Chemist: 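Quick one: the structure is below, and I'll ask about it shortly.
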Amino acid sequence: MLSKLVKSAAVIALTVCSLNANDFNAGAEKDRLAVIKYLETKFADPEKNRNTFFPYSTDEELKNDYDKNLKHNDFAIGSYSYSKDARSQYEAIKEMPPYEDGIEKGEELYNKKFANGNSLATCFPDPTVGGTYPYFDEKKKELVSLTSAINDCLRANGEKEWNTKKGDMASFQAFIAYSTQEAGKKFDIKIESEEAKKAYENGKQYYYTQRGYLKLSCAECHVQGAGQRVRNEKLSPLTGQVTHFPVYRLKWDELGTLERRMSGCVVDQGQVPPKDESTQMKELLYFLAYMSNGMAIDGPDVRK
Ligand code: HEC
């Protein structure tokens, strides 16, 4: 009898816990689904949706350069998902991907011994974890991004920290992304406490706040503006925007991290970007990563 009571109390306690865990991400889940629905509606038929979503595009462009009936996972390749022309160029480059040396270099770095005999493999015994960053460290009450986790590992082992934008950092992240992709894993970002929820909310607020001399928010370009042309490129959508990092950009002629790419956007807004390992940057990454939840990791990748 007693053991039965104890058992059922345990079941109740468990249920309460899991209900709470679900609750913390309820708002984020609503946001994620709303953006997917918005994008699927917008790209169901750009020509037909001209007045609602594409007032500045030409008829010819809408008719010839956009695909129809895009669904959630189609957005994983960013602006190439809707632009036929850009996609064929992208697919041609992918036949001889310029980032392969980067993945190899990353694997060497993974196994290379530090002066104290440890290695990055000691800190990341499982390299297929690309879809779990940033995560909220509930003990330290702070976000950990992949970039900060890598530098934390180096610092803790008495090694010199890496440049957070390119070089070894980008190569090592290419190896992590590739290993995660090979394992067939998806983005799986968790929000399991009040503090984690707050961090998500801060990142979301950053994304939707207008700033700079143009008074633009990230969302105006990458949600409402997704699919619009800016010079010769179409704007990528928020959904799936971070599934493929690091990227080899033709403009950079090398691999670079997500922080490097986003900082470029903030500079274009006429602002000073947050430092790559700062709380503000990690909150923004947390929001972006959550919005790609459920999508396959497909990095590294190539962009113009
Ligand atoms: C004035 C419009 C504009 C604003 C505002 C803007 N971006 Fe961008 N962003 C671009 C353009 C143009 C590109 C290159 C085309 C593309 O892939 O979207 C880009 C690319 C990106 C990419 C790379 C996409 C990929 O597929 O690799 C990310 C990530 C990104 N932006 C994030 C952000 C974030 C976060 C903010 C706010 C801090 C922001 N952007 C603000 C115009 C903008």
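Counting convention: from 1, in listed order, for ligands and their atoms alike. What you are looking at is a predicted structure, and each value in this text was computed from that prediction instead of being measured. Both backbone and side-chain heavy atoms feed into the values below; hydrogens, waters and symmetry mates do not.
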Chemist: What part of Leu235, side chain, backbone, both or neither, has a heavy atom within less than 4.0 angstrom of ligand 1?
Modeler: both
Chemist: Got a sec: is Cys265 within less than 2.8 Å of atom 8 (Fe) of ligand 1 via an N/O/S atom?
Modeler: yes
Chemist: Could you check if a side-chain atom of Met281 sits within less than 4.5 angstrom of a side-chain atom of Tyr206, using non-hydrogen atoms only?
Modeler: no
Chemist: Could you measure the distance from the NZ atom of Lys234 to the CZ atom of Arg229? Nearest 0.5 Å is fine.
Modeler: 6.5 Å
Chemist: Return the option from Lys215, Gln241, Glu220 holding the heavy atom at the smallest distance from atom 32 (C) of ligand 1.
Modeler: Gln241
Chemist: Under a 4.0 angstrom heavy-atom cut-off, which atoms of ligand 1 come close to Val266?
Modeler: 38 (C)
Chemist: Say you draw a straight line from CG of Asp137 to CG of Leu143; how long is it, rounded to the nearest 0.5 Å?
Modeler: 9.5 Å
Chemist: For atom 8 (Fe) of ligand 1, what is the closest protein heavy atom, and at what distance to 0.1 Å?
Modeler: His222 NE2, 2.1 Å
Chemist: Against ligand 1, does Ser217 come closer than 4.0 Å with any heavy atom?
Modeler: yes
Chemist: Below the 3.5 angstrom mark, is there an N/O of Arg303, backbone or side chain, next to an N/O of ligand 1?
Modeler: yes
Chemist: Any heavy atom of Asp268 sitting closer than 4.0 Å to ligand 1?
Modeler: no
Chemist: State the CH2-CZ distance between Trp252 and Arg261, to the nearest 0.5 angstrom.
Modeler: 6.0 Å
Chemist: Do Phe245 and Ile297 sit in the same hydrophobic cluster, where Ile, Leu, Val, Met, Phe, Trp and Tyr count as joined when their side-chain heavy atoms come under 4.5 Å apart?
Modeler: yes
Chemist: Using only the SG atoms, decide whether Cys265 and Cys221 are less than 2.5 Å apart.
Modeler: no
Chemist: Checking side-chain hydrogen bond (donor to acceptor under 3.5 Å, both in side chains) against Asn151, which of Glu161, Glu277, Lys160 comes through?
Modeler: Glu277
Chemist: Please report which non-hydrogen protein atom sits nearest to atom 3 (C) of ligand 1, along with the residue it belongs to and the distance in Å to one decimal place.
Modeler: Cys221 SG, 2.6 Å
Chemist: Which of the numbered atoms in ligand 1 are under 4.0 angstrom from any heavy atom belonging to Gln269?
Modeler: 5 (C), 37 (C), 38 (C)
Chemist: Taking both backbone and side-chain atoms into account, decide whether Cys218 has an N/O/S atom under 2.8 Å from atom 8 (Fe) of ligand 1.
Modeler: no
Chemist: Side chain, backbone, both or neither: which part of Lys234 has a heavy atom under 4.0 Å from ligand 1?
Modeler: backbone
Chemist: To the nearest 0.5 angstrom, please state how far the CZ atom of Arg155 sits from the CD1 atom of Ile150.
Modeler: 11.0 Å
Chemist: At a 4.0 Å threshold, what atoms of ligand 1 neighbour a non-hydrogen atom of Ser236?
Modeler: 16 (C), 17 (O), 18 (O), 24 (C)
Chemist: Answer yes or no: does an N/O atom from Tyr206 fall short of 3.5 Å to an N/O atom of ligand 1?
Modeler: no
Chemist: Where is the nearest protein heavy atom to atom 14 (C) of ligand 1: which residue, which atom, and how far?
Modeler: Arg261 NH2, 3.4 Å
Chemist: Sort out for me which residue in Phe53, Phe43, Phe54 forms a ring pair (Phe, Tyr, Trp, His ring centres under 6.0 Å) with Tyr82.
Modeler: Phe43
Chemist: Could you tell me whether His244 approaches ligand 1 through its side chain, its backbone, both or neither, with non-hydrogen atoms closer than 4.0 Å?
Modeler: side chain
Chemist: At what distance, to the nearest 0.5 angstrom, does OG1 of Thr147 lie from CZ of Arg260?
Modeler: 12.5 Å
